[in-house]
Amino acid sequence: MERVTERVMEQTTDDDADPRDSDLVRAALGRPVRRAPVWFMRQAGRSLPEYRALRAGVAMLESCRRPELVTEITLQPVRRHGVDAAIFFSDIVVPLAAVGVDLDIVPGTGPVVAQPFRTRADLDRLPELTPEHVPDITESVRLLVAELGATPLIGFAGAPFTLASYLVEGGPSRNHEHTKALMHGDPRLWSDLCARLAQISGAFLRVQAQAGASVVQLFDSWAGVLSRADYERFVQPHSATALAAVADLGVPRIHFGVGTGELLGSMGAAGADVVGVDFRVSLRDAVRRLGPGYSVQGNLDPALLFAPWPVVEQRVREILDEGADARGHIVNLGHGVLPDTDPDVLTRVVELVHELSTR
Ligand SMILES: Cc1c2[nH]c(c1CCC(=O)O)Cc1[nH]c(c(CCC(=O)O)c1C)Cc1[nH]c(c(CCC(=O)O)c1C)Cc1[nH]c(c(C)c1CCC(=O)O)C2
């Protein structure tokens, strides 16, 4: 643990109230932290009974558009676990629905698009996103930032590739065959589709950052199904456009995907301050692949949270130790919290990370 504490600075109380001075933001920018920041992807959601109670009878997409509900659901895991960040309660398809795409989030399945996108004419169903499409998002973020005080809010969007895969396949997909067929069969249309999606993602991130989110995360969850060559040719430029949309706002940018061990360097180069690492690659290897200019986020296997506590504890210790190789480390899972996770284990992980990384 020596190397973890070396990066930990003296506790200060002066400007504790500014989320831009939080350990999350500091770690993202490679600055010294008071203690290692920890939060969990999908921390707001089905693993919490208080979430299920609030959501009863309200459809997922509808719940994302009600500011009071969004605020309460976003705050639940912060209160319960004492995590170092809130993640905005929404979904990657919310901006697509906001511009008029006919889709639904089906429980147990995920986003389902009524008419899959396959032809140039389909682009007409994908107008650009303006802040006027999502006034409720601005309102929710403002309400949240007021409630959160010193705790930073992470805004997010889906990356063009992951969004395109839902639009082109029409729903979740194992092989992404229609997406890959379009990408390679009509590269012009693919590029135009992703350019439109990059505008939508970037604008959605910008709305959240301008309303007060302190950090943003671009989720390219399914990018790991691509070779590095295809990623760099067909995807990276569009993700770079989405990330560039908030470059002038000074909010650190996290870029995340699953199974992206071969893509980490290219995902960093798209314009990220932090690269998310899943549980397949050790943080030490990730840092080596990325080079010195990036912080890392990750990478506890969400399934390990079902193992006996000593296993979890040992792994958390290792992750903190490996993360110390990076200029900054945000402790997280390698992917989202699984629905049946015992919430008490998440709370224990937060306590352990804080205990181990506090001087
Ligand atoms: C691919 C993806 C989606 N949505 C998201 C991604 C990228 C992250 C990842 O890779 O896991 C991102 C997302 N979705 C949700 C959040 C909210 C904040 C948080 O992380 O806690 C975030 C950041 C809420 C949600 N999004 C969804 C839920 C579950 C809805 C419910 O409670 O009924 C939540 C809380 C629905 C959703 N939406 C999506 C899926 C695959 C699902 C699950 C479907 C299911 O198994 O029921 C698309």
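The model shown is predicted, which means the values in this text are computed figures rather than measured ones. Remember, it's 1-based here, ligands and their atoms both numbered in the order they're listed.
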Problem - N or O contact, Arg46 vs ligand 1, cut-off under 3.5 Å - result: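 Between Arg46 and ligand 1 (N or O atoms, distance only) the closest approach is under 3.5 Å.
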Exercise for the section: Output yes when the distance from some N or O of ligand 1 to some N or O of Val106 is under 3.5 Å, and no in every other case. Expected result: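 Between Val106 and ligand 1, no N or O pair is found under 3.5 Å apart.
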Subset of ligand 1 atoms that lie under 4.0 Å from at least one heavy atom of [X]:
X: Tyr51; answer: 31 (C), 32 (O), 35 (C)
X: His335; answer: 9 (C), 10 (O), 11 (O)
X: Arg55; answer: 30 (C), 31 (C), 32 (O), 33 (O)
X: Trp222; answer: 1 (C)
X: Tyr166; answer: 1 (C), 41 (C), 48 (C)

Flag side-chain contact, heavy atom, 4.5 Å: [X] against [Y]:
X: Leu193; Y: Val168; result: yes
X: Trp222; Y: Glu169; result: no
X: Pro302; Y: Phe279; result: yes
X: His184; Y: Trp190; result: no

Any ion pair linking [Y] and [X] (charged N to carboxylate O, less than 4.0 Å)?
X: Arg280; Y: Asp301; answer: no
X: Arg288; Y: Asp285; answer: yes
X: Asp248; Y: Arg206; answer: yes
X: Arg80; Y: Glu50; answer: yes
X: Arg66; Y: Asp136; answer: no

Return the closest protein heavy atom for [atom] as residue, atom name and distance.
atom: atom 25 (C) of ligand 1; value: Met60 CE, 3.2 Å
atom: atom 17 (C) of ligand 1; value: Ser90 O, 3.6 Å
atom: atom 2 (C) of ligand 1; value: Ile92 CD1, 3.5 Å
atom: atom 40 (C) of ligand 1; value: Arg42 NH2, 3.5 Å
atom: atom 47 (O) of ligand 1; value: Gly108 N, 2.8 Å
atom: atom 36 (C) of ligand 1; value: Ile105 CG2, 3.5 Å
atom: atom 23 (C) of ligand 1; value: Phe156 CZ, 3.3 Å

Problem - Side chains of Asp344 and Thr347, donor plus acceptor under 3.5 Å - result: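 No - no donor-acceptor pair under 3.5 Å links their side chains.
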Problem - Distance-only polar pair, side chains of Gln76 and Gln43, donor-acceptor under 3.5 Å - result: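 No, Gln43 and Gln76 have no side-chain donor paired with an acceptor closer than 3.5 Å.
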Exercise for the section: Just let me know how Phe88 lines up against ligand 1, side chain, backbone, both or neither, with a heavy-atom cut-off below 4.0 Å. Expected result: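 Just the backbone.
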Judged on heavy-atom distance to [atom], which of [options] sits nearest?
atom: atom 48 (C) of ligand 1; options: Ala44, Pro111, Gly110, Ala157; value: Pro111
atom: atom 38 (N) of ligand 1; options: Leu218, Thr109, Asp91; value: Asp91
atom: atom 7 (C) of ligand 1; options: Gly336, Ala159, Ser221, Gly276; value: Ser221

